[in-house]
Amino acid sequence: MSDTLAPAIVSRPVQKGDHVFLVDGSSYIFRAYHALPPLTRKSDGLPVGAVAGFCNMLWRLLKEANEAGVKPTHLAVIFDHSATTFRNALYDKYKAQRPEPPEDLRPQFALIRQAVGAFNVPSIEMEGFEADDLIATYTKQAVAAGADVTIVASDKDLMQLIEPGVIMLDTMKGKTIGRDEVIEKFGVPPEKVVDVQALAGDSVDNIPGVPGIGVKTAAQLIETYGDLETLLARAEEIKQPKRREALIAHAEMARISMQLVTLDRDVPLDEPIDRLGVRPIIGEQLISFLKAMEFTTLTGRVAAATGVESGGVEADGALTARAREAGRAATAASLFGSQATPQQQPGFEDIGGLTPSGLAAARASAIKAIPFSHSGYETIRTEERLWAWIARATELGVVAIDTETTSLDPMQAELVGISLAVAPNEACYIPLAHRGEGDGLFTEGLLPDQLDIRVAIALLKPMLEDRAVLKVAQNLKYDWLMLARHGIDTAPFDDTMLISYVLDAGRGVHAMDPLSERWLGHKPISFDDVTGKGKARVTFDRVPIERASEYAAEDADVTLRLWQVLKPRLAAEGMSTVYETLERPMIPVLASMERRGISIDRAILSRLSGEFAQKAGALEAEIQEIAGQPFNVGSPKQLGDILFGVMGMPGGSKTATGAWATGASILEDLAEQGYELPQKILDWRQLSKLRSTYTDALPGYVHPETKRVHTSYALAATTTGRLSSSEPNLQNIPVRTEAGRKIRAAFIADPGHKLVSADYSQIELRLLAEIADIPQLKHAFAEGIDIHALTASEMFGVPVEGMPSEVRRRAKAINFGIIYGISAFGLANQLSIAREEAGAYIKRYFERFPGIRDYMEETKRICRDLGYVTTLFGRRCHYPEIASKNASIRAFNERAAINARLQGTAADIIRRAMVRVEPALEEAGLNARMLLQVHDELIFEVPEAEIEPTLALVTRVMENAPTPAVSLSVPLNVDARAADNWDEAH
DNA sequence: CCTATATCGTA
DNA sequence: GTACGATATAGGA
């Protein structure tokens, strides 16, 4: 808040005909908080719902009431100052059972007081008095001066103030409360309200009243006897014995209650009423505050009404997400072990004290201070000892777990042992299937003194499935799947890798060893040291039990400590919801998909392999013939020398390492110039690629038992929230070319089933329209208009009807470019045009869609300020190099950040759909099984008889995936179809 | 044997 | 121009 903008307070005596508005700030905060949906500031998740409700109310009061002819001459917002008032001296239990305000409301109190200042409205509070007493006193003085009073509130305790010239206005219900409404509520006119309240009491405020008497009876009694004192004096006359005795017995309580509910109209005011005169709104000051809160709609309204250009106003620097982040960054910096000193941010929680972030930091350093010791590690050899550990874990309610196996592939792996940790340095290892060190020929049998794997599983299962015991693991999906193969449905659980990913995506890797070094300052025993590496590597079942025990117990120990450090950061940094809704529930969903796998037709692939090999062989011969010498066509180095050296073709450029570049676009350019060799190289490359990466490789991934292909999805591999798929990567199965689609057709459904593919159409462009708020684009999507044609016609003035395909193609490339954070260089490459021309396209595009330029600039600024961008669902993508001094690194990070909001939001949406679809299928009694995810597409295997209802259900779940967390103004559109293979279904 | 590079498959 | 992973080649160990 800039002091220079606040004008001197002008005194304006209240006189006849004036209209004094008194806003009950404190109760309004609670009502706004409870009545309105939760709202958080986009860029940092600060809860601001009550602030928003308050600002909108105040704005309407000042503007719309004004337009309706009700013109405040004096206005103040009045707050409670502290919990203790003179009423506590009268009655120690007064308001004693008020609960603490909710966690996400607390930071909003200070913000609302700042909001009032930003509106240039006085905010009043006084030690020892409730807002109601101040309102009562101001009301009395205003009435005495002949002015009208509007009390903006709905609290029934204020109704006693209503009299001719004084009304209440409930802005949330949009109604006024006068004498008639009071009579309706209390059965008595305003001047008798306190008498009724004194008798009836109030459980909310802990006003005792008289037991057995409610509002109805009280009103009746006051109606009959006139007032409380008369009633108490003549209580003997009452006929009903119970009522009479209660009144006599509790007469004193009634009198105290009367004092409690009667508002003090003679508070010695610090701020005289004359000084509440309405002051003009200062557009810049208010906009600066609203911008810091990121209330775009209201900012726009205020800008329009005050004639201030909002673009020219800076967000209030002390209140922005950045300022708040600086406080957090200091905490995070200390968590990361840097020397930074935490700084206090005025107006926000004390970060060094008993706050979530303060506690998280304190927890982190406490954990880090505990040295590692292996002396408390135990190797479990008997049921009794295993039982003791299970009992301990169950008693504590949290246990870290790690499975040791024979393979990194959880579908192929055999369980070798399990480790548990219950506290730092308290961990155990349960060897189950260790074998001797030999070559396997003469040492086939299991080593002695190991628990039977079935016995151990049977003992562990109840604890692993116990709702009261939290299982913590690093990369739990692996262990979950391993245990699922042994019939265990592990739950509930936490995953330290995913917690780290939610907190620090883009800030380093999330594997255990680096996390341990970063957070615990400890380098764990490396896997390579235990198993050997290269040719000498042995499977884990060949590792001697003592050595394995040390390693495995330490891993569980490290995992537990990481959880202790990282879990508190989720709440402290406002990321719990992202973790709980977008990450953690994905574990069983993906593990189940991986376990199911998908069928491929090996005969098709093998035939294609032969076909591709033959054609590539023929091309290779032709290529070497034309080149005039044999060479390795697959070697870009040799190829470059042939094309640009030996044959002297033009347009050669160099790669980063100084070699000739021979990428597809360069070869295509050469082919267009009439050279025949480059096209043959391109054809050869396509065939070689398809053969080596797909037709030859895929059959090798068929599982010997399931006869299906089981990919592995990584949840924490990308910066944006997308999944990745590997071994094999089933997210890059060809589709673009004819030859490629033949490979896709080899992915088939089981007999009696079909494959269903459901994909979001143009989801990222739709999200661009939504997030950047571009009217033309939103309209186009709402109306189902061809978005690329629309872009083309906006840019080039060509009518959509009969548009040449080349024009649309260019517009399409531009649209994709926008999603990727466009550069003239990139667009020029894509369209094979000059950079100047590409630059002109971009310029024209921004002229037609200025909102997109604003969106991009805003994204860059936010990312530069905070170091990350946020998706619509709150996921953070960090770009620590966004402020690099190196212009190309900086530009790259800016483009990535622009893309991340869109790609990341799309990733969030499909994750939500994935988490919901299987329960929805189950509820509908359908037997479809989700098999694959390809970023904007889900593939299911569906019994033939259930195709139609499954298509409908999947489409509905996917299209509604954003709700209720986010409701988009742009429709999502899902295309779904069924077929015998993936090519036809897609 | 391991790693970097170039290329290319997908959204 | 974004986000990935797999492959082959090439070069240093």
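Chain A is the first sequence line, chain B the second, and so forth, proteins listed ahead of strands; every chain is numbered from 1.
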Counting heavy atoms from C-beta on, name the nucleotide in C:dA8, B:dT10, B:dT7 closest to the side chain of A:Thr662.
B:dT7
Which part of the nucleic acid does A:Ile819 contact within heavy-atom distance under 4.0 Å: base, sugar-phosphate only, or nothing?
nothing
Under 4.0 angstrom, heavy atoms only, what part of the nucleic acid is A:Gln638 near: base, sugar-phosphate, or nothing?
sugar-phosphate
Separation of B:dT7 atom P from A:Trp660 atom CH2, nearest Å, is 13 Å
Report the nucleotide, chosen from B:dT10, C:dA6, B:dA11, that has the shortest atom-to-atom distance to any side-chain atom of A:Tyr820.
B:dA11
Establish, for the pair A:Lys637 and A:Trp660, whether the NZ or CZ atom is under 6.0 angstrom from the six-membered ring centre and no further than 45 degrees off its axis.
no
So, is A:Thr720 near the phosphate of C:dT2, with a side-chain N or O under 4.0 Å from OP1 or OP2?
no
Please confirm whether A:Tyr845 and A:Tyr841 have ring centers closer than 6.0 angstrom.
no
The nucleotide from B:dA11, B:dT7, B:dG9 with an atom nearest the side chain of A:Val735 is B:dA11
Any side-chain N or O of A:Arg722 under 4.0 Å from OP1/OP2 of B:dA11?
no
Could you tell me whether A:Lys637 contacts a base, only the sugar-phosphate backbone, or nothing, with contacts defined as non-hydrogen atoms closer than 4.0 Å?
sugar-phosphate
Taking any heavy-atom pair under 4.0 Å as a contact, classify A:Ser823: base, sugar-phosphate, or nothing.
base
For residues 724-733 of chain A, which residue pairs qualify under salt bridge (Lys or Arg N to Asp or Glu O under 4.0 Å), counting only residues two or more places apart or in two chains?
none
Using atom OH of A:Tyr879 as one end and atom P of C:dA3 as the other, report the distance to the nearest whole Å.
6 Å
Within the supplied structure, the quantity of interest is the number of heavy atoms (other residues, nucleotides, ligands) at a distance under 6.0 Å from A:Lys843 NZ; does it exceed 12?
no
Nucleotide C:dT7, atom C1' - distance to CG of A:Asn729 in whole Å:
12 Å
For the pair made of CG in A:Asn893 and P in C:dA3, what is the distance, rounded to whole Å?
9 Å
How many Å lie between CD1 on A:Ile681 and P on B:dT7, as a whole number?
12 Å
Any donor-acceptor N or O pair under 3.5 Å, side chains A:Gln903, A:Thr720
yes
Using a cut-off of less than 4.0 Å, is there contact between a side-chain N or O of A:Ser724 and OP1 or OP2 of C:dA3?
no
Any side-chain N or O of A:Thr719 under 4.0 Å from OP1/OP2 of C:dC4?
yes
Tell me: CG of A:Leu767 to P of C:dA3, nearest whole Å?
17 Å
Scan A:Asp759 against the nucleic acid and name what it touches under 4.0 Å (heavy atoms): base, sugar-phosphate only, or nothing.
nothing
Could you tell me whether A:Arg895 contacts a base, only the sugar-phosphate backbone, or nothing, with contacts defined as non-hydrogen atoms closer than 4.0 Å?
sugar-phosphate
Starting at atom CG of A:Leu682, determine the distance to atom C1' of B:dC8, rounded to an integer number of angstrom.
11 Å
Could you please name the option among B:dT7, B:dG9, C:dG5 that lies closest to any side-chain atom of A:Arg736?
B:dG9
With respect to the side chain of A:Ser635, which nucleotide from C:dA3, C:dA10, C:dG5 is positioned closest?
C:dA10
Under 4.0 angstrom, heavy atoms only, what part of the nucleic acid is A:Ser688 near: base, sugar-phosphate, or nothing?
nothing
May I ask you to say what A:Ala813 touches in the nucleic acid, namely base, sugar-phosphate or nothing, with a heavy-atom cut-off under 4.0 Å?
base
Selected nucleotide, minimal atom distance to A:Pro734 side chain, candidates C:dA3, B:dA6, B:dG9:
B:dG9
Any N or O donor-acceptor pair under 3.5 Å from the base of B:dG9 to the side chain of A:Asn732?
yes
What does A:Gly534 touch in the nucleic acid at a heavy-atom separation under 4.0 angstrom: a base, only the sugar-phosphate, or nothing?
sugar-phosphate
Check every strand shown and say whether A:Glu764 touches a base, only sugar-phosphate, or nothing at a heavy-atom separation below 4.0 Å.
nothing
Any base atoms under 4.0 Å from A:Ala664, or only sugar-phosphate, or nothing? Heavy atoms, all strands.
sugar-phosphate
Return yes if a side-chain donor-acceptor contact under 3.5 Å exists between A:Gln933 and A:Gln731, otherwise no.
yes
Can you measure A:Glu937 atom CD to B:dA11 atom P for me and round it to whole angstrom units?
7 Å
Just call it for A:Ala891: base, sugar-phosphate, or nothing, with non-hydrogen atoms closer than 4.0 Å on any strand.
nothing
Greater than 12 external heavy atoms within 6.0 Å of A:Gln614's CD
no
Quick check on B:dT5: is either OP1 or OP2 less than 4.0 Å from any side-chain nitrogen or oxygen of A:Thr657?
no
If only side-chain N and O atoms of A:Thr693 are considered, is one of them under 4.0 Å from the OP1 or OP2 phosphate oxygen of C:dT7?
no
